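Okay, so here's the structure we're looking at.
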2 protein chains.
Amino acid sequence: MAKRKPIPTNESRIPTMADVARIAGVSTSTVSRALAGLPPIPEETRQRIAQAAKEAGYAVNRHARSLRLKRSKVILVLIPNLANPNFPDLLIHIDRAAYDCGYDIMIAHTAIDPGRSDRYVDELLAGSIDGVLLTASYCPPRLLECIAAGRHLPIVRTLSPTPDLTGITAVQIDEVKAAYDVVDHLAKQGYKRIAHLGGPPKEIMAIARRKGWEKALADHGLSASPDLYIQSGFTMIEGQRAADEIRSRSELPDAIFCSNDESAYGLIAALKGHGLRIPQDIAVAGFDDLSFSAVMDPPLTTVRLPRRDMAERSIQKLKALIEDDADNDNTILAHELIIRASSLRS
Amino acid sequence: MAKRKPIPTNESRIPTMADVARIAGVSTSTVSRALAGLPPIPEETRQRIAQAAKEAGYAVNRHARSLRLKRSKVILVLIPNLANPNFPDLLIHIDRAAYDCGYDIMIAHTAIDPGRSDRYVDELLAGSIDGVLLTASYCPPRLLECIAAGRHLPIVRTLSPTPDLTGITAVQIDEVKAAYDVVDHLAKQGYKRIAHLGGPPKEIMAIARRKGWEKALADHGLSASPDLYIQSGFTMIEGQRAADEIRSRSELPDAIFCSNDESAYGLIAALKGHGLRIPQDIAVAGFDDLSFSAVMDPPLTTVRLPRRDMAERSIQKLKALIEDDADNDNTILAHELIIRASSLRS
DNA sequence: GTGAAAGCGCTAACAT
DNA sequence: ATGTTAGCGCTTTCAC
């Protein structure tokens, strides 16, 4: 025989629906329905219950609801690296779009410990979260297993280009084309020796951008000779380092297409440090259009990612996948070439 | 009489502990204990259960556990504005520190809709999350009510300076002193007309930094005449706008202390656009030490926030507040003045 | 229009 | 060393 406390009179208890029910003099089911705005409750009762809830300081417990509903209204966002402004800039819109659909977001930052992402896949598999939004090309191994096993999971990938992975809906831009556009612009400005600062060699994003560079050079009949490719990375530090390497070359390029804005920042800083003028001595272009690119000296030519669209479409797709199990084909969004002083022949 | 499904043979069900128990031929309590690594389970049984869990593709359901334990291991982080790199830069460390303590984080971005934060306070009040980390001086009204009502909640505030709010533990730097240090440095470089680009006038952070500026000027016997205070904001755009205003003044300042790095970026870009050289014509200093400040032209003198310490101490305090209900006094961390070319007399 | 009761998946007394 | 059982707070049939 369990001893039942007749009235739970603990002072600092968190109020539950039962408390509200007691105050309003109704049952918990009525409270639940009233608070959910379900039909067969007369306005008078609804009022009374709302009042009681307020009086009790009641708020619904997320876990009890999620357990019961088998749906949490939480989306997990996997972010490789918050230090790259691209991600927070995207996150702003993701957060907004998710909120507008009634979803909350949990974030998992994988920069330091990629293995960590596997733990979050479990959350999805256990039904603790409703869906996952990947913003990196990295895909947790455990997720790959599940997809390989034919399991259908609400996952959307955006920002980073997809490797040939079926089973994960993607929302992205045409990275190759975007890179092509930058180099095409440089070529049309009359630059002949257009170098490329390549990102991490195995990074799909970096590979795509390099491909665009090569393609544009070919189309303009320009050489993509090995000394025009400089291996670098996605950080300012690596951009700075690349500048030193370039300076050691016998012949300087007259333009450099950097695989992202951050490396362009580092490169430009270092080139200027060596007394070179941008764009008079060397033109530079980047990729991402971070907010600083507009105010730096000189303002940087770059590709603007449709971050807001990406975020909205991604969330919309994820929602559809969660709720209707639909909308699972890929989307390519338009990018925009932003031409600024760093690439203009004077 | 509830009809009990004898064996739940739905194909795509999410596996539960009961499934694992059935496979391993034990009860769910044994599974629970084994998976939690609790003592009285022999190694052999533990192995068998681990094997069964793997086979079933089992992962624990967060909501069921949280409901039962009345503890979610989730911390909510309130972030005013992700577009200000200060916040993602701090978030990196928050995320890391939380993860190391076994906490997950949910974020609530309040830039667009501040009222939204109230909804999240409910989560705390309902026991759906364990604690809240505020990274802004803005405090949700509902939270204020609760604190005023004497309710004790696990909340920590960091990054932004605290207004006179008792009941919320703070982890921060001495903003006034930090601003003082910057201006003191400028004065020691021999600058006489040291202007200040003020942030949003009602923002506590902006007020503190302005106070530091005034104090340092006074200590050096310099004037804080009204024409040396330029009302601006925390964004690049506002920094740019301020440059125009400065140019219209009859007498230019010889140094400008900006209330943050971002406005300094905008200011410098605009001043250079007007043909002024930094620091030869006007020295500039900022506040925050964003990563771009080191590579810009010229590199920017600024105050480095101890973001990592802030994050770690905040999480540590929050954890203590949640688990032991202790450690609720304020912490002041050391800042660091970073002197770079933008403020050096040549 | 409203209430009683079952049950979501888990953990922890309490039994054995 | 392991099983039985109650119950966390909620939603939702089903009955009235």
Side-chain angles (χ1 to χ4, degrees), chain A residues 1-5 8 10 13-22 24-49 52-53 56 58-73 122-123 125-129, chain B residues 1-5 8 10 13-22 24-49 52-53 56-73 122-123 125-130:
Chain A
M1 228 90 315
K3 58 165 184 265
R4 48 162 61 201
K5 32 186 166 176
N10 186 331
R13 265 179 55 260
I14 289 170
T16 73
M17 230 173 221
D19 298 311
V20 179
R22 195 158 13 78
V26 293
S27 73
T28 57
S29 16
T30 305
V31 174
S32 176
R33 280 187 285 245
L35 260 30
L38 259 45
I41 307 275
E43 191 49 30
E44 190 272 321
T45 314
R46 193 186 305 289
Q47 290 290 336
R48 190 154 43 88
I49 290 172
Y58 173 77
V60 48
N61 181 301
R62 163 192 295 271
H63 304 293
R65 170 182 279 169
S66 299
L67 180 59
R68 176 65 231 232
L69 258 30
K70 296 191 159 207
R71 189 137 289 179
S72 62
K73 287 285 191 175
D122 284 344
E123 300 271 337
L125 299 178
S128 301
I129 55 171
Chain B
M1 225 96 312
K3 58 162 185 265
R4 49 161 66 202
K5 35 184 166 183
N10 185 330
R13 267 180 54 260
I14 289 170
T16 74
M17 229 174 221
D19 298 310
V20 178
R22 193 156 15 76
V26 293
S27 73
T28 58
S29 25
T30 305
V31 175
S32 176
R33 281 186 287 244
L35 261 29
L38 259 45
I41 307 276
E43 191 49 32
E44 190 272 322
T45 315
R46 192 187 305 290
Q47 290 291 336
R48 192 155 39 88
I49 290 171
Y58 172 78
V60 48
N61 180 301
R62 165 190 292 270
H63 305 293
R65 170 182 279 170
S66 299
L67 179 59
R68 176 66 230 229
L69 295 181
K70 297 188 159 215
R71 189 135 289 178
S72 63
K73 287 286 191 175
D122 283 345
E123 300 272 337
L125 300 178
S128 302
I129 55 171
D130 292 346

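Since this is a predicted model, take the numbers as computed values, not measurements. Below, read A as the first sequence line, B as the second, and so on, with proteins coming before strands; counting in each chain starts at 1.
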Check [X] against [Y] and note the closest heavy-atom contact, atom names and distance.
X        : Y        : value
B:Thr16  : B:Arg13  : CG2-NH2, 4.2 Å
B:Asp130 : B:Arg71  : OD2-CG, 3.3 Å
A:Pro15  : A:Ala56  : CG-O, 3.3 Å
B:Leu67  : A:Ala64  : CD1-CB, 3.8 Å
B:Ile14  : A:Gly127 : CD1-CA, 3.8 Å

Rounded interatomic separation in angstrom, taking [atom1] from [X] and [atom2] from [N]:
X       : N      : atom1 : atom2 : result
A:Ile49 : C:dG1  : CD1   : C1'   : 11 Å
A:Arg71 : C:dG9  : CZ    : P     : 14 Å
A:Arg48 : C:dT2  : CZ    : P     : 8 Å
B:Leu35 : C:dA12 : CG    : C1'   : 16 Å
B:Arg22 : D:dT2  : CZ    : C1'   : 18 Å
A:Met17 : C:dA5  : CE    : P     : 19 Å
A:Tyr58 : D:dG9  : OH    : P     : 10 Å
A:Leu38 : D:dT13 : CG    : C1'   : 13 Å

request  = Answer with base, sugar-phosphate or nothing: what part of the nucleic acid does B:Thr16 contact at a heavy-atom distance below 4.0 Å?
outcome  =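 The residue B:Thr16 makes sugar-phosphate contact but no base contact.
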
request  = Compare all side-chain heavy atoms of B:Val26 with those of B:Arg48 and state whether any distance is below 4.5 angstrom.
outcome  =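 B:Val26 reaches B:Arg48 side chain to side chain.
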
Out of D:dT11, C:dG3, D:dC10, whichever nucleotide has its closest atom nearest the side chain of A:Val26 =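 The answer is C:dG3, which lies nearest to the side chain.
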
ask   = What nucleotide, of C:dC8, C:dA13, C:dA5, holds the atom closest to the side chain of B:Ser29?
value =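 So the nucleotide nearest the side chain must be C:dA13.
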
task = State whether the side chain of A:Ser72 and the backbone N or O of A:Ser128 hold a donor-acceptor pair below 3.5 Å, judged by distance alone.
result =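 Yes; judged by distance alone, with no hydrogens or angles, the pair exists.
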
inquiry  = Can you tell me how far apart CG (A:Asp122) and CZ (B:Arg62) are? Round to the nearest 0.5 Å.
reply    =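 Here the interatomic distance stands at 11.0 Å.
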
Nearest-0.5 Å distance, NE2 of residue B:His63 to CG of residue A:Leu69 =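 That separation rounds to 10.5 Å.
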
Phosphate contact ([N] OP1 or OP2) by [X] side-chain N/O below 4.0 Å:
X       : N     : answer
A:Thr45 : C:dT2 : yes
A:Lys70 : C:dG7 : no
A:Ser27 : C:dG3 : yes

ask   = Heavy atom of residues 60-68 of chain A under 4.0 Å from DNA chain D: which residues?
value =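 Hits under 4.0 Å, by residue number: A:Val60, A:Asn61, A:Ala64, A:Arg65, A:Arg68.
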
Helix axis bend for the helix from C:dG1-D:dC16 to C:dT16-D:dA1 - C1'-based end axes, five pairs, 10° rounding =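 The helix from C:dG1-D:dC16 to C:dT16-D:dA1 shows an end-to-end axis angle of 40°.
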
inquiry  = Is it the case that the base of C:dA12 and the side chain of B:Ser32 share a donor-acceptor contact (distance under 3.5 Å, atom types as modelled)?
reply    =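 No, no donor-acceptor pair under 3.5 Å.
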
inquiry  = Should the side chain of B:Arg33 and the base of D:dG3 be counted as holding a donor-acceptor pair, with the cut-off at 3.5 Å?
reply    =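 Such a pair exists between side chain and base.
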
Quick one: side chains of residues 28-36 of chain A, donor-acceptor pairs under 3.5 Å with protein atoms, not counting sequence neighbours, listed by atom name and distance.
| from | atom 1 | to | atom 2 | distance (Å) |
| --- | --- | --- | --- | --- |
| A:Ser29 | OG | A:Ser27 | OG | 3.0 |
| A:Thr30 | OG1 | A:Ser27 | OG | 3.3 |

